[in-house]
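As structure tokens, the structure follows; a few thoughts come after it.
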Amino acid sequence: MPIDARLPYDEANIFAKILRGEIPCKKVYEDDFALAFHDIAPKAPIHVLVVPKGPYVSWDDFSANAPDALIAGFIRAVGTVARQFDLVEPGYRLLANIGHDGGQEVPHLHVHLFGGAPLGPMLA
Ligand code: 5GP
């Protein structure tokens, strides 16, 4: 069920629990600003989720309210993860779902990083 991106941050959401170490994940990268881990239901040979270390519901919330250092660190972390998987030369895709029409399910900002094969049309 897609979420309303205007909702206040819910500390009980699944990615908050992963960030707190209460639920395991297959971690691929972590720094002061971001955690990256494999999606539990991958839709491409490489499907990694990158989440910022801060209580932001969506791209809207993050872009409006996060401190500049966290925004910069998060964006850099996404690029670092792509390079870590050697995806720059073959290419890859980033996706952030926001709110109802975007189909966002988890109310903590995350960027999907897809790669490892030609990804087809931008939208199904
Ligand atoms: P959204 O639709 O919110 O953009 O994407 C949420 C993503 O989170 C989905 O691709 C889903 O498979 C993934 N996901 C949901 N729960 C878990 C979980 O507990 N662990 C991991 N690693 N991924 C999850």
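Atoms within a ligand are numbered from 1 in the order they appear, just like the ligands themselves. No experiment lies behind these values; they were computed from the predicted model shown.
Nearest non-hydrogen protein atom to atom 22 (N) of ligand 1 is His38 O, 2.9 Å. Among protein heavy atoms, the minimum distance from atom 8 (O) of ligand 1 is reached at Phe15 CZ, 3.4 Å. Ile40 N, 3.3 Å is the protein heavy atom nearest to atom 23 (N) of ligand 1. From the protein, the heavy atom lying nearest to atom 1 (P) of ligand 1 is His110 NE2, 3.1 Å. Atom 3 (O) of ligand 1 has Glu105 N, 2.7 Å as its closest protein atom, hydrogens excluded (heavy atom only).
A ring-centre distance under 6.0 Å is not found for His108 and His110. The aromatic ring centres of Tyr92 and Phe85 sit 6.0 Å or more apart.
Considering backbone and side-chain atoms alike, Lys43 places every N or O at 3.5 Å or more from each N or O of ligand 1. Inclusion of Asp39 in the set of residues having an N or O under 3.5 Å from an N or O of ligand 1 is warranted. When only interatomic distances are considered, the shortest N/O to N/O separation between Val106 and ligand 1 falls below 3.5 Å. Of the N or O atoms in Ile14, none lie within a sub-3.5 Å distance of an N or O in ligand 1.
Of the options Val78, Asp39, Val81, a side chain to side chain contact (heavy atoms under 4.5 Å, CB included) to Val48 is made by Val81 and by none of the others.
Remark: Arg6 CZ is loosely packed, at most 12 non-hydrogen atoms of other residues, nucleotides or ligands lying under 6.0 Å away.
Numbered from 1 in the order shown, with element, the atoms of ligand 1 that lie under 4.0 Å from a heavy atom of Ala41 read 12 (O). Taking every heavy atom of His112 and a limit of under 4.0 angstrom, the matching atoms of ligand 1 come to 1 (P), 4 (O), 5 (O), 7 (C), 10 (O). Every atom of ligand 1 with a heavy atom of Gly103 under 4.0 Å away is listed here by number and element: 2 (O). Close approach of ligand 1 to Gln104 (heavy-atom distance below 4.0 Å) involves ligand atoms 3 (O). Interface of Asn97 with ligand 1, defined as ligand atoms under 4.0 Å from a residue heavy atom, comprises 1 (P), 2 (O), 4 (O).
Checked by atom type and distance alone, the side chain of Gln104 pairs as donor or acceptor with a backbone atom of Val57 at under 3.5 Å. At distances below 3.5 Å, not a single donor-acceptor pair connects side-chain atoms of Glu30 with backbone N or O atoms of Ala36.
Counting heavy atoms under 4.0 Å from ligand 1, residue Lys26 does not touch it at all. Of the heavy atoms in Leu95, none comes closer than 4.0 Å to ligand 1.
The minimum heavy-atom distance between Tyr56 and Ala66, with the atom names listed, is OH-CA, 3.5 Å. Considering every non-hydrogen atom in both Ala44 and Gly115, the closest pair reads CB-O, 3.9 Å.
Atom-to-atom distance recorded for Ile46:CD1 and Arg93:CZ is 14.0 Å, nearest 0.5 angstrom. Going from atom NZ of Lys53 over to atom CG of Leu70 covers 10.5 Å, rounded to the nearest 0.5 Å.
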